[in-house]
Amino acid sequence: GTMVTAEVDGSIMMKSFLSGSPDLYLGLNDDLVVGRSDSRGKYATVCLDSVNFHESADSTRFEAERVVMMRPPAGEFVVMNYRMTGDFTQPFRIVPSIEVVSTYKAELTLRVRADIPTATQGINVFIRCPMPKAATSVSVELGVGAQSQKYEYRAAEKMVVWSIPKFKGGTEHVCKIGVAMGAPFVAASRKEMGPISMLFEVPNHNVSGIAIKFLRLEERSESYNPQRWVRNITQANSYVTRMQ
């Protein structure tokens, strides 16, 4: 339950099919600071450790106005990379508990809560948990409301994989894993259960809090008004919970 380390590696990517080479202005939220030494950090809601920009981006107005100007090349490219560490709200929280039922049997309970806005949901969620090497059989019981959820025990890998296609924000799911052992369940067996890893995507959600306020082209002609859209997504990279 204690955070050991947390890091966000993020990027703002652009896919451009503009006619000609118009100047494009990208505006980010004002309550954003870069660097822990920035005196405005105590008033900011988004504090990044570092940023770097694409070679075509002019960031001279970024410090004062949080505006990036560029003449975007055709196709897809990364406008800005950023890094964020420290205390921020994790998308999911895993709470594991182990109960020794008998000398040769134990039960692992996994509680997973989605600490994301209720209007969003995680998709393609996979939770992987290793089992002890001496495990001879494994049974899995999913909790109430587990429609469309699945589990798989990969005996060769000694691995339980629990899949949740859609995980609504603000909700919790439970999975109980019973383990039958070919040898007594001891402290070493407990250490072999875990760490628990998680894969997921959360569309329309940004953990870092960076927001694109506007995406504006330099005025060129009334007849040229290309479509524009912004999409946010959070993806797991290395999301691991250790068990004691």
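What's counted below: heavy atoms across the whole structure, side chains too, no hydrogens, waters or symmetry copies.
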Handout entry: Heavy-atom side-chain proximity of Met243 to Ile94 below 4.5 angstrom
Key = no

Practice task
For the pair Gln90 (side chain) and Phe88 (backbone), establish whether a donor and an acceptor sit closer than 3.5 Å, ignoring hydrogens and angles.
Solution key: yes

Problem - Nearest-0.5 Å distance, CE of residue Met181 to OG of residue Ser102 - result: 10.5 Å

Handout entry: 4.5 Å side-chain heavy-atom contact, Pro203 and Arg231
Key = no

Only pairs under 3.5 Å count here: list side-chain donor-acceptor contacts from residues 112-140, not counting sequence neighbours, and write none if there are none.
residue, atom, partner, partner atom, Å
Arg113, NE, Asp115, OD1, 3.3
Arg113, NH1, Gly170, O, 3.2
Arg113, NH2, Gly170, O, 3.3
Thr120, OG1, Pro117, O, 2.7
Thr136, OG1, Ala180, O, 3.1

Practice task
Quick one: closest heavy-atom pair of Pro226 and Leu18, and the distance?
Solution key: CG-CD2, 3.8 Å

Exercise for the section: Indicate, with yes or no, if the rings of Phe167 and Phe200 have centres closer together than 6.0 Å. Expected result: no

Problem - Validation row: Thr109, Pro96 side chains within 4.5 angstrom (heavy atoms) - result: no

Handout entry: Minimum heavy-atom distance between Ile98 and Arg190, given as atom pair plus value
Key = CB-NH1, 3.6 Å

Exercise for the section: Verify side-chain contact (heavy atoms from CB on, under 4.5 Å) between Ile233 and Val202, making sure each step is shown before the conclusion. Expected result: CA-CA 6 Å; Ile233 188 167; Val202 187; over 6 Å; no

Exercise for the section: Return the set of residues passing side chain to side chain contact (heavy atoms under 4.5 Å, CB included) with Glu7 (not counting sequence neighbours), or none when no residue passes. Expected result: Asp9, Arg83, Thr85

Practice task
State whether the number of non-hydrogen atoms from other residues, nucleotides or ligands found under 6.0 Å of Arg93 atom CZ is greater than 12.
Solution key: no

Problem - Val51 and Asn81, any side-chain heavy atoms less than 4.5 Å apart - result: no

Exercise for the section: Please tell me if the side chains of Leu24 and Arg216 come closer than 4.5 Å, counting only heavy atoms from C-beta onward. Expected result: no

Handout entry: Side chain proximity check, Trp162 to Ile177, heavy atoms < 4.5 angstrom
Key = no

Exercise for the section: Looking only at non-hydrogen atoms, find the nearest pair between Pro195 and Val240 and report the distance. Expected result: CB-CG1, 3.6 Å

Practice task
Look at the side-chain heavy atoms of Ile, Leu, Val, Met, Phe, Trp and Tyr, link any pair under 4.5 Å apart, and say whether Val100 and Leu108 land in one connected group.
Solution key: yes

Completion exercise
Taken to the nearest 0.5 Å, the spacing of Ile164 CD1 from Ser148 OG works out to 9.0 Å

Practice task
Take Asp58 and Arg71 through the test salt bridge (Lys or Arg N to Asp or Glu O under 4.0 Å) and record every step on the way to the result.
Solution key: CA-CA 9 Å; Asp58 182 352; Arg71 290 182 177 174; over 6 Å; no

Handout entry: Donor-acceptor under 3.5 Å (Tyr104 side chain, Val179 main chain)
Key = no

Practice task
Could you check if a side-chain atom of Met14 sits within less than 4.5 angstrom of a side-chain atom of Leu215, using non-hydrogen atoms only?
Solution key: yes

Problem - Intermediate values then yes/no, side-chain contact (heavy atoms from CB on, under 4.5 Å), Lys158 and Tyr153 - result: CA-CA 7 Å; Lys158 303 290 185 182; Tyr153 176 55; 3.4 Å; yes

Completion exercise
With sequence neighbours left out, the residues meeting ring-ring contact (aromatic ring centres under 6.0 Å, His included) with Tyr25 are none

Problem - Glu152 vs Arg154, salt bridge (Lys or Arg N to Asp or Glu O under 4.0 Å): CA-CA, chis, key distance, verdict - result: CA-CA 6 Å; Glu152 177 187 5; Arg154 300 174 182 174; 3.4 Å; yes

Exercise for the section: List the atom of Pro72, the atom of Pro22, and the distance in Å for their closest heavy-atom pair. Expected result: CD-O, 3.8 Å

Handout entry: side-chain contact (heavy atoms from CB on, under 4.5 Å) between Leu28 and Ile212, intermediate numbers included
Key = CA-CA 5 Å; Leu28 303 179; Ile212 295 177; 4.0 Å; yes

Handout entry: Verify same cluster id: Val230, Phe53 (apolar side-chain graph, 4.5 Å)
Key = yes

Practice task
Using a cut-off of 6.0 Å, state whether more than 12 heavy atoms not belonging to Lys176 lie near its atom NZ.
Solution key: no

Exercise for the section: Could you tell me whether the side chains of Ser208 and Tyr82 share a donor-acceptor contact shorter than 3.5 Å? Expected result: yes

Exercise for the section: To the nearest 0.5 angstrom, please state how far the CE atom of Met70 sits from the CD atom of Glu55. Expected result: 12.5 Å

Handout entry: Neighbour count >12 (heavy atoms, 6.0 Å) for atom CZ, Arg242
Key = no

Handout entry: Verify same cluster id: Leu142, Val95 (apolar side-chain graph, 4.5 Å)
Key = no

Problem - Cluster check Val161, Tyr239: I/L/V/M/F/W/Y, side chain < 4.5 angstrom - result: no

Exercise for the section: Please assess Ile210 against Met80 for the test side-chain contact (heavy atoms from CB on, under 4.5 Å), listing each intermediate value before the final yes or no. Expected result: CA-CA 12 Å; Ile210 286 182; Met80 183 180 96; 4.1 Å; yes

Problem - Any side-chain heavy-atom pair of Leu48 and Leu32 under 4.5 Å - result: yes

Problem - Check: Thr234 side chain, His205 main-chain N or O, donor-acceptor pair, under 3.5 Å - result: yes

Handout entry: Inter-residue atom distance Met198.CE - Ser238.OG, 0.5 Å rounding
Key = 13.0 Å

Exercise for the section: Compare every heavy atom of Met13 with every heavy atom of Glu76, then report the nearest pair and how far apart it is. Expected result: OE2-CE, 2.9 Å

Problem - Atom pair OG1 (Thr60) and CD (Glu65), whose distance is rounded to the nearest 0.5 Å - result: 8.5 Å

Handout entry: Joint cluster assignment, Tyr151 & Val174, ILVMFWY side-chain distance < 4.5 Å
Key = no

Completion exercise
dist Asp30:CG -> Arg66:CZ (nearest 0.5 Å) comes out at 8.5 Å

Exercise for the section: Identify the two heavy atoms, one from Lys213 and one from Asn29, that lie closest to each other, and give their separation to 0.1 Å. Expected result: CD-CA, 3.6 Å

